[in-house]
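Note on naming: letters A, B, ... go to the chains in the order of the sequence lines (proteins, then strands), and numbering restarts at 1 for each one.
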Protein chains: 2
Amino acid sequence: MTKKPTTSASPNVRTTAKGPAAAAGGEVTAIASNRAARAAERRAAIVEAALEEFIARGFAATRLDDIAKRAGVAKGTIYLHFKDKESMFEELVRIVIVPVVERLTTLPPPTGSVRERVEAFASNFLKEVANTRRGDLVRLIVAEGPRFPAVADFYYREVVSRGIAGMRALIELGIARGEIQQKNLARFPQILVAPAMIAVIWQSLFARHAPLDAQEMLRVHLDLIFGERRTT
Amino acid sequence: MTKKPTTSASPNVRTTAKGPAAAAGGEVTAIASNRAARAAERRAAIVEAALEEFIARGFAATRLDDIAKRAGVAKGTIYLHFKDKESMFEELVRIVIVPVVERLTTLPPPTGSVRERVEAFASNFLKEVANTRRGDLVRLIVAEGPRFPAVADFYYREVVSRGIAGMRALIELGIARGEIQQKNLARFPQILVAPAMIAVIWQSLFARHAPLDAQEMLRVHLDLIFGERRTT
DNA sequence: ACATTATGACTGACTGGTCAGTCAAAGTCA
DNA sequence: TGACTTTGACTGACCAGTCAGTCATAATGT
């Protein structure tokens, strides 16, 4: 911020190099000897390294030199893919989140009881978020959100509002089917998600002091909402 | 004279350094023109300014020049009260939290139904934390905790572990009295607190997009735990 | 009471290190 | 070869922390 560099900004900020070749393939990409593929690989390495560093140190304290080193590229290379540190951070969040959202929205239409659906969602959350780097990403967004309105907006739009809407629909269905008693719950789907968020935050702050069995906690929470079942 | 840059650095408002001289006037209060009082005032100004800045920008991005400016002192003055930026941040957290914990632990022994007690706690939380700068402090701790183990430890020890223990006791009482059905809840008092934490985080991240009626949400949540009451 | 001296709180220009961003030169592929 | 890519030394802004000097206040002397 406050940087008024002379002359224009670098002309790139390319999206995904040319051609469709650079698809998200990942490791499968045969011999990485064609330029677009190599570029995509490097970009991916940078993204992963940056994510790691930002999570560990926060935005301001992260050094681009460290990201470059971790990614195995020179610092200048980063600027071939991202305009500057700030927009790099913002893009990073998108890059990590978009695929997750896409996968969720293209999921087969859920079936079964509402409780089963919520349980499926919870177990999915535990597997895909709570126990991965994406969990830390959530904490990172909470940490940096206020200083990056663009990030907070994006996260709200793509994840939170959709998640809340989805949960609300599910809760209403649960109420209609008689699985959920508390009618007011539909007004605050946040309640349903809260323990999951707390679990993520707990893990990265207090796991050392008092490990938390997130899976069990979510189960107990669901018992609370749907009425007790039997213990497993 | 002056500076003794020995690393020890004992940053505190010395209480009337000299011996018996202070005895002079019974009323120490008087005009805040004696040195100790002025120093305490400045220290308080620094603490408040620092809190504001750290909350707004995070640890790494906060400039001591800005804190000094906001507090109306010179930068050097900060170093008369705190060893360095880092320990200043750590002390800050203590300074803000300790009085709150003290007040809570010296509260009159609670009475009434468990629900009433939890409700009292919730309304207290809304008044004293959610709608004040202390709410932002919580978010700040979540944000910086991983980089400041000392802060995370302190917060866990003084606030979280006590809060969890207190809640657990309350839940167990609720179960014993038959106010709470879900016996497993005592294993995860976090569930009881989760919506409150979410409310705090929500306010500072998403209030712009979708304001959240925290009070109502907590009420609904309590209905969920204690069984529905009547709608207001 | 008044004058003189001692104290130490306070200041802010300064220093040394750090780091985002640049670009000329070296490297690589077709 | 020539176009394109990558590099990393370099620049300049920025900022935590320092310290010699100032001055209001307190202590002491007359």
**Complete:** Of A/Gly76 and A/Ala60, the one whose closest nucleotide on DNA chain C sits nearer the 5' end is A/Ala60
Spacing of [X] atom [atom1] relative to [N] atom [atom2], expressed in whole Å:
| X | N | atom1 | atom2 | value |
| --- | --- | --- | --- | --- |
| A/Phe82 | C/dT22 | CZ | P | 16 Å |
| B/Tyr79 | D/dA20 | OH | C1' | 18 Å |
| B/His81 | D/dT18 | NE2 | P | 16 Å |
| A/Leu80 | D/dG8 | CG | P | 13 Å |
| B/Asp66 | D/dC14 | CG | P | 12 Å |
| A/Arg42 | D/dC4 | CZ | P | 18 Å |
| B/Lys83 | D/dT18 | NZ | C1' | 14 Å |
| A/Ile78 | D/dT5 | CD1 | C1' | 15 Å |

**Message:** B/Arg147: which residues meet the salt bridge (charged side-chain N to carboxylate O under 4.0 Å, His left out) condition with it, sequence neighbours left out?
**Reply:** B/Glu144
For nucleotides 17-19 of chain C, give me every protein contact, N/O to N/O, under 3.5 Å, one pair per line with atom names.
from   : atom 1 : to      : atom 2 : distance (Å)
C/dC19 : OP1    : A/Arg63 : NH1    : 3.3

Any carboxylate oxygen within less than 4.0 angstrom of a Lys/Arg side-chain nitrogen, looking at [X] and [Y]?
| X | Y | answer |
| --- | --- | --- |
| A/Glu91 | A/Arg94 | no |
| B/Glu52 | B/Arg133 | yes |
| B/Glu48 | B/Arg70 | no |

**Request:** Would you please confirm or rule out a distance under 4.0 Å between OP1 or OP2 of D/dT5 and any side-chain N or O of A/Arg43?
**Result:** no
**Fill in**
From the candidates C/dG21, C/dA9, D/dT6, the one with an atom nearest any side-chain atom of A/Thr77 is D/dT6
**Prompt:** Among D/dT7, D/dG17, C/dC10, which is the nearest nucleotide to the side chain of B/Asp84?
**Reply:** D/dG17
**Request:** Taking all non-hydrogen atoms of both residues into account, name the closest pair between A/Ile191 and B/Met217 and its distance.
**Result:** CD1-O, 3.6 Å
**Request:** Provide the closest heavy-atom pair for A/Met88 versus A/Ala50 in the form atom of the first, atom of the second, distance.
**Result:** CE-CB, 3.3 Å
**Prompt:** When the ring planes of B/Phe148 and B/Phe89 are compared, do they come out parallel, tilted or perpendicular, using 30° and 60° as the limits?
**Reply:** tilted
